[in-house]
Amino acid sequence: MTPITEVEGRRVALSNLRKVLYPRTGFTKGELLHYYATTAGVLLPHLRDRAVSFLRYPDGPDGQLFFTKNVPPGTPDWVTTAEVPRSSSEEPARQVLVQDLPSLVWAANLVTEFHTHQWLVQTPDEADRLVFDLDPGAPATIVHCCEVALWLRDRLAADGIEAYPKTAGSKGLHLLAAVHGGSPERTSAYAKELAVEAERAMPRLVVHRMTKSLRPGKVFVDWSQNAGRKTTAAPYTLRARPLPLVSTPVTWEEVARCRTPEQLEFVADDVAPRVRDHGDLLAGLLDARRAAALP
């Protein structure tokens, strides 16, 4: 029998709570749900009013993975949804908004990574986030990403933009900034300009093109996730990796001190102590007064 729990007055069906999702550590679906429920205070503000895409892995990272943008079948009627524009030749899609704890627990029961756009559903034509996904090509690692991140931080600061780092929760690093006054297209163009500048400044370390043959031993500065249709793994989401890794906010001091990949590798159990010690290191992204105008 599927257990039912009540979350803030909403009845949420939970399933397979003892199922091991991460065999390497024995991390179960029940632990996944506990992680999301206890991290909701810092996670929800970064999901709220953003259309959510789900990368689902119901049988764990070694099972089938599939990306879901449309509202999943069986979604409760109390879960908020919204129409989301696609390309000019396509009809709008309807996607889930994770606005509250019941919606988060329901979505977590699907076993998913949470991915969001760089704009709010109320204003899809205006980007409120700038993102760089720093992706190392072996033998480069997140250590090399940190070097690039520090360069980008200073370059963004020269334009009056404050950047915040988080781990990708896989092998790289994400930089985020709060911005205003630009469309996704304009934001993407600005991000590409900086990626090209980074490659010119560090040609032995950085590549701005996705071509795989160019990437071994370098850091791909992916600027394209600023496009209106693209999404990025949300802060605090668990990832479908061999370990229950989390896309975890980090301090610039941690970035500067990083000498081995393990120093910036955080699993679900690491997050609560970090939140107790630091609060939400990405809280500045949520303060509209700190958003910078695009140059």
Side-chain angles (χ1 to χ4, degrees), residues 2-17 19 21-22 27-58 60-61 65-82 84 94-122 129 166 169 176 231-241 244-249 266-276 279-283 285-286:
T2 300
I4 303 290
T5 190
E6 186 169 299
V7 182
E8 296 182 348
R10 302 293 191 184
R11 289 169 59 82
V12 183
L14 307 178
S15 60
N16 302 318
L17 297 181
K19 184 176 186 177
L21 295 176
Y22 296 85
F27 191 82
T28 66
K29 185 176 178 182
E31 290 175 292
L32 177 145
L33 286 161
H34 176 77
Y35 166 77
Y36 278 121
T38 55
T39 312
V42 289
L43 169 58
L44 279 172
H46 295 287
L47 297 179
R48 196 167 285 125
D49 293 333
R50 297 182 190 277
V52 175
S53 298
F54 299 134
L55 178 61
R56 296 189 56 193
Y57 55 109
L65 279 66
F66 52 98
F67 208 64
T68 302
K69 287 196 172 186
N70 296 326
V71 177
T75 298
D77 58 8
W78 45 262
V79 172
T80 304
T81 64
V84 175
R94 183 159 286 277
Q95 292 183 229
V96 166
L97 303 184
V98 178
Q99 302 289 75
D100 51 30
L101 182 59
S103 299
L104 177 62
V105 174
W106 164 79
N109 188 62
L110 300 176
V111 185
T112 182
E113 295 181 3
F114 295 99
H115 292 245
T116 58
H117 301 281
Q118 315 312 323
W119 42 264
L120 302 172
V121 291
Q122 299 93 329
R129 294 285 180 272
K166 70 180 179 76
L176 299 168
T231 61
T232 303
Y236 301 104
T237 187
L238 273 160
R239 303 303 304 267
R241 307 293 293 177
L245 293 167
V246 173
S247 185
T248 307
F266 303 104
V267 297
D269 288 344
D270 297 323
V271 174
R274 289 181 61 83
V275 172
R276 284 196 298 269
D280 179 13
L281 289 170
L282 303 182
L285 292 172
L286 305 170

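Because the structure is a prediction, the values reported are computed rather than measured. In what follows, residues are counted from 1 in the order of the sequence shown. Only this structure's heavy atoms are used, side chains among them; waters, hydrogens and symmetry mates stay out.
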Looking only at atom types and distance, does a side-chain atom of [X] sit under 3.5 Å from a main-chain N or O of [Y], one as donor and one as acceptor?
X      : Y      : result
Lys19  : Pro58  : yes
Arg129 : Leu285 : yes
Glu113 : Ala233 : no

Review point. Given Tyr236, which of Thr248, Thr39, Asp280 fulfils the side-chain hydrogen bond (donor to acceptor under 3.5 Å, both in side chains) condition?
Key: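 Testing each of Thr248, Thr39, Asp280 against Tyr236, the sole residue satisfying side-chain hydrogen bond (donor to acceptor under 3.5 Å, both in side chains) is Asp280.
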When you compare the side chain of [Y] with that of [X], does any pair of heavy atoms fall below 4.5 Å?
X      : Y      : value
Leu101 : Arg10  : no
Ser53  : Lys69  : yes
Asn109 : Val12  : no
Pro72  : Trp106 : yes
Phe54  : Phe67  : no
Tyr36  : Thr237 : yes

Review point. Heavy-atom count around Arg11 CZ within 6.0 Å, excluding the residue itself: above 12?
Key: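 Count not over threshold, so no.
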**Study point:** Check against side-chain contact (heavy atoms from CB on, under 4.5 Å), Thr231 and Thr116
**Key:** CA-CA 5 Å; Thr231 61; Thr116 58; 5.8 Å; no
